[in-house]
Amino acid sequence: MEKILQNQVIEAIAVILSTVKESGELRVDTIPTIVVEPPKRPEWGDFSSSVAMTLASQVRQPPLKVAELLAAGLRAQFSDLFDHVNVVPPGFLNLTLHPPRWIQVLRMIQDKGSLYGTSHIGKGKRILLEFVSANPTGPLHVGHGRGAALGQAIARLLKSSGFSVSREYYINDAGRQLQLLGRSVHARYREHWGKPSSFPEDGYHGDYIKIVAESVAKTHGQTLLDDSSDKAETLCAQLASQMLLDRIKEDLATFGVEFETWFSETSLHTAGLIQQSLDELRQKRLLIEEEGAWWFRSSQFGDEKDRVAQKQDGSYTYLAADIAYHQQKLERGFDTLINIWGADHHGYIPRMEATVQAFGFAKETLRIVLVQMVSLRRGGQKIEMSKRAGEFVTLREVIDEVGPDAAKFFFLMRRADTHLDFDLDLAKQHSSDNPVYYVQYAHARLASLFRVAQERQVRLPVIQDVDQVLLIQDEELGLIKTLAQYPLVIESSALALEPHRVTFYLQELAAQLHAYYNKNRVLPSLDPERDTGGTGENIKFGTSGNTGALNQELRYESISPDLTAARLALLRQVQTVIGNGLSLLGISAPEKM
RNA sequence: GCGCCUGUAGCUCAGUGGAUAGAGCACUUGCCUCCGGAGCAAGGGGCCACAGGUUCAAAUCCUGUCAGGCGCACCA
């Protein structure tokens, strides 16, 4: 398999490094990781490396001298790869490839198609990705939506990087919150039948509770009025959580987010797994009794204090369930567990890290991605949400308003751990101000181009058949270099669990495409007169009009069949990359808009 | 009080220890006679919160200060 250019450059430097090491020209002990990246300014070359500077202190030579030595080696041994190699203070190695080298990027995209950007760096390692995991006590709100968008994007990123990913939703269907749900629904149920009720003070106030209660009234009539309130409330909790979970599943499905596994907390209880986990910790003396309660000794693993897992009354804390759940995950044979959590849960990180260590796994086995809050804006105004009063904007409402594509894109526009301002008006705007449309439009615009080409009987060539010289002009080369970055962007965002890098990349590529497309014709003109002039000929014409003062100079470029072919072939690869990137984010790449 | 996260252009935010810190929005000035203007070009705008330190090199790492957010339950 052909290697991407940047890695070819790294390898070239590595070869030179080991030659100078063996020849004794440089006294290198350990070869550092060679960092090669596109320089900030294009005039500095195609790639740049700071390796000489990192090496300088080790070999006790001035950086410039080290760089010169490496440059000489690269020029001598890799003249087929590099057009020229420059050394610049304070010790940068600036590398410029022979332009035709870049064409292999286009060939690779053409060959790999939708697989361009995939890799095997994951080596098939198994990852359990747990996300959303909202309690089935209400509909998903926008915050959950952000977690959902993030989770599905991370899952796709990891899969395309060669990891084996299983997506899981942990259902908190046991415990106090559910009890509270039952009591809330039961109270509304009694109200429905005109009976006195005591609505729990910290209960769920949202209107959806009434809807659930009415549905219970419909299916169960007045039968629950006679039961003991305990029994009735438990039944209400069960019915309500089932209904709400169904609703959650529906919302996620319309959002395009799927899970392999829905893991029920109750199943841990009924299978006795919590007891089992705690027993195991007891044996390891990591769970000890004090003041009648059982404490998990998380402080042994860096938590600031120990935590109660089993209360004085014998019941379990939520931590006990989480301990059992995470042990479960570990025992299912995953190499890495990733949890996506709301940022307000950050305080629990140390105790979960303690948990995995208590069961003999490295702390790094667990990776936690924290997601910060989303604040919605309409126009300039912030939309206030009060969780207390049960007034929050649901994910469903946002999807209905702006569509799933825009919602996902907006959720993925920022780093997960920073607050997100989500402008609803902007998200549904059909203009270049809206980044979703901007990127999707780039894809659709190209699709349209190819359609028109086909209508006009212009064939869409493959890279191998077009004139290379026409592909490596400055503007084309700029696009190609951006396309070449794509696999590296995917790799780094997968490893960092940061899909927003892909979002940024796509905006950049789309911008470059629009600029290119705006400036350069691709298809021949329908009016053959226009194509008879010489290349780049300037035609003057007056803007007829009342003022009549202004003369515009417009450049009409004559399009030869070869040029058309080259540009079509290039743009086809641009379209592929935009499509690949969007699909990684779970966003559609439309042919028409 | 302790812990975690965040302070970068007027606003919203990018920026795996590297060169002259970037993008979008907003603002100003322009661009449609042919492939989708749902687009493009140009311009102004910055003690990277502050102060020390590490380094050949700091927006980035360390320490402290200030400001904002969030956590600190035998609640989930």
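The structure presented is a predicted model; accordingly, all values stated were derived computationally and were not measured. Just the heavy atoms: all of them, side chains too, but no hydrogens, waters or symmetry mates, feed the values below. Per chain, numbering begins at 1; letters A, B, ... match sequence-line order.
Only the C1' atoms considered, C11(B) is 40 Å distant from A73(B), to the nearest whole Å. When the P atom is used for both U20(B) and A57(B), the distance is 14 Å, rounded to whole Å. The gap from the C1' atom of A51(B) to that of A67(B) amounts to 15 Å, rounded to the nearest Å. Nucleotides G64(B) and C5(B) are separated by 13 Å at their P atoms, to the nearest Å. A gap of 15 Å separates the C1' atoms of G44(B) and C25(B), to the nearest Å. The P atoms of C35(B) and C48(B) are separated by 47 Å, rounded to the nearest whole Å. U8(B) sits 12 Å from C47(B) when the C1' atoms are compared, rounded to a whole Å. Between the P atoms of A9(B) and C50(B), the separation comes to 11 Å (whole Å).
Residue Lys519(A) places no side-chain N or O under 4.0 Å from the OP1 or OP2 atom of C40(B). OP1 and OP2 of C25(B) both lie 4.0 Å or more from every side-chain N or O belonging to Ser431(A). For the OP1/OP2 pair of C72(B) and a distance below 4.0 Å, the side-chain nitrogens and oxygens of Arg307(A) include no atom meeting the criterion. Considering only side-chain N and O atoms, Tyr438(A) lies under 4.0 angstrom from the phosphate OP1 or OP2 of C40(B). Between U6(B) and Arg415(A), a contact under 4.0 Å exists linking OP1 or OP2 to a side-chain N or O. An OP1 or OP2 oxygen of C35(B) is reached within less than 4.0 angstrom by no side-chain nitrogen or oxygen of Arg567(A). Neither OP1 nor OP2 of C72(B) sits under 4.0 Å from any side-chain N or O of Lys305(A).
Atom C1' of nucleotide G24(B) and atom CG of Asp423(A) are separated by 13 Å, given to the nearest angstrom. Put simply, CZ on Arg351(A) is 12 Å from C1' on G3(B), counting in whole angstrom units. Summarising the geometry, the separation between CD on Glu475(A) and C1' on C40(B) is reported as 12 Å, rounded to the nearest angstrom. Atom NZ in Lys311(A) sits roughly 14 Å away from atom P in A73(B) (whole-Å rounding).
Here G15(B) is the nucleotide among G15(B), C13(B), A19(B) with the atom lying nearest to any side-chain atom of His500(A). When the nucleotides U16(B), C35(B), C13(B) are ranked by their closest atom to the side chain of Leu449(A), C35(B) comes out on top. The side chain of Pro39(A) approaches A19(B) more closely than any other nucleotide in the set C5(B), A19(B), C35(B). Comparing A19(B), A14(B), G15(B) against the side chain of Arg414(A) picks out A14(B) as the nearest. Taking the side chain of His514(A) as heavy atoms from C-beta on, and the options C74(B), C40(B), C70(B), the nearest nucleotide is C40(B). Proximity note for Glu291(A) (side chain, C-beta onward) versus C56(B), C74(B), G71(B): the nearest is C74(B). Closest to the Glu37(A) side chain, of the nucleotides A19(B), U16(B), C35(B), is U16(B). Checking G18(B), G3(B), A14(B) against the side-chain heavy atoms of Glu304(A) singles out G3(B) as nearest. Nearest nucleotide to the Asp421(A) side chain, out of C40(B), G18(B), U12(B): U12(B). Closest to the Arg445(A) side chain, of the nucleotides G37(B), A19(B), C25(B), is G37(B).
Residue contacts shown for His345(A) include a base, since a base heavy atom lies under 4.0 Å away. Within the 4.0 angstrom heavy-atom criterion, only backbone atoms of the sugar-phosphate kind lie near Phe504(A); the bases stay farther away. Among the atoms of the strands shown, base atoms are found under 4.0 Å from some heavy atom of Ser50(A). Residue Trp294(A) is out of contact with every strand shown, counting any heavy-atom pair closer than 4.0 Å. The residue Ser48(A) sits close to a base: some heavy atom pair falls under 4.0 Å. Across all strands shown, Tyr517(A) has heavy atoms under 4.0 Å from base atoms, whether or not it also approaches the sugar-phosphate. In this structure, Val452(A) reaches the sugar-phosphate backbone alone: every heavy-atom distance under 4.0 Å involves primed, P, OP1 or OP2 atoms, never a base. Using a 4.0 Å heavy-atom criterion, one finds that Arg41(A) contacts the bases of the nucleic acid, with or without backbone contacts as well.
Stems are defined here as 3 or more consecutive Watson-Crick or G-U wobble pairs with pairing distances under 3.5 Å; those involving RNA chain B are B:1-7 with B:66-72, B:10-13 with B:22-25, B:27-31 with B:39-43, B:49-53 with B:61-65.
For Phe263(A), the ring pair (Phe, Tyr, Trp, His ring centres under 6.0 Å) partners are Tyr325(A), not counting sequence neighbours.
Side chains of Thr418(A) and Gln372(A): a donor-acceptor N/O pair is absent below 3.5 angstrom, by distance only. A donor-acceptor contact under 3.5 angstrom links the side chains of Ser315(A) and Asp313(A), judged on distance only. For the residue pair Asp173(A) / Ser241(A), no side-chain donor-acceptor distance below 3.5 Å is found, with atom types taken as modelled. In summary, the side chains of Gln454(A) and Arg451(A) do not present any donor paired with an acceptor at a separation below 3.5 Å, with no hydrogens or angles considered.
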Query raised in the report: What's the verdict on side chain to side chain donor-acceptor pair (under 3.5 Å) for Gln179(A) and Arg176(A), showing C-alpha distance, side-chain angles and the deciding distance?
Result: CA-CA 5 Å; Gln179(A) 257 178 37; Arg176(A) 211 182 87 87; over 6 Å; no
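You'll find the ring centres of Tyr438(A) and His514(A) inside the 6.0 Å limit.
Toward the 5′ end of RNA chain B lies the nearest nucleotide of Met53(A), the other residue of the pair Gln310(A) and Met53(A) mapping further downstream. Place Asn518(A) and Thr54(A) on RNA chain B by their nearest nucleotides, and Thr54(A) ends up nearer the 5' end.
Across every non-hydrogen atom of Leu582(A) and Leu506(A), the tightest pair is N-CD1, 3.7 Å. The two residues Phe410(A) and Pro435(A) make their nearest non-hydrogen contact at CZ-CD, 4.2 Å. Closest heavy-atom contact between Ser493(A) and Val502(A): OG-CG2, 3.5 Å.
In this structure, the side chain of His345(A) does not engage the main chain of Trp341(A) through any donor-acceptor pair within 3.5 Å.
Ion pair Glu289(A)/Arg282(A) not flagged as a salt bridge, since none of the NZ, NE, NH1 or NH2 atoms sits closer than 4.0 Å to an Asp/Glu carboxylate oxygen. Checked for salt-bridge contact, Asp423(A) and Arg377(A) miss the test: no charged N lies under 4.0 Å from a carboxylate O.
His346(A) contributes a side-chain N or O that forms a donor-acceptor pair with the base of G3(B) under 3.5 Å. The base of A19(B) sits with one of its N or O atoms less than 3.5 Å from a complementary donor or acceptor on the side chain of Asn94(A).
The stretch residues 55-68 of chain A has no heavy atom under 4.0 angstrom from RNA chain B at all.
The environment of NZ in Lys363(A) is sparse: at most 12 heavy-atom neighbours from other residues, nucleotides or ligands sit within 6.0 Å.
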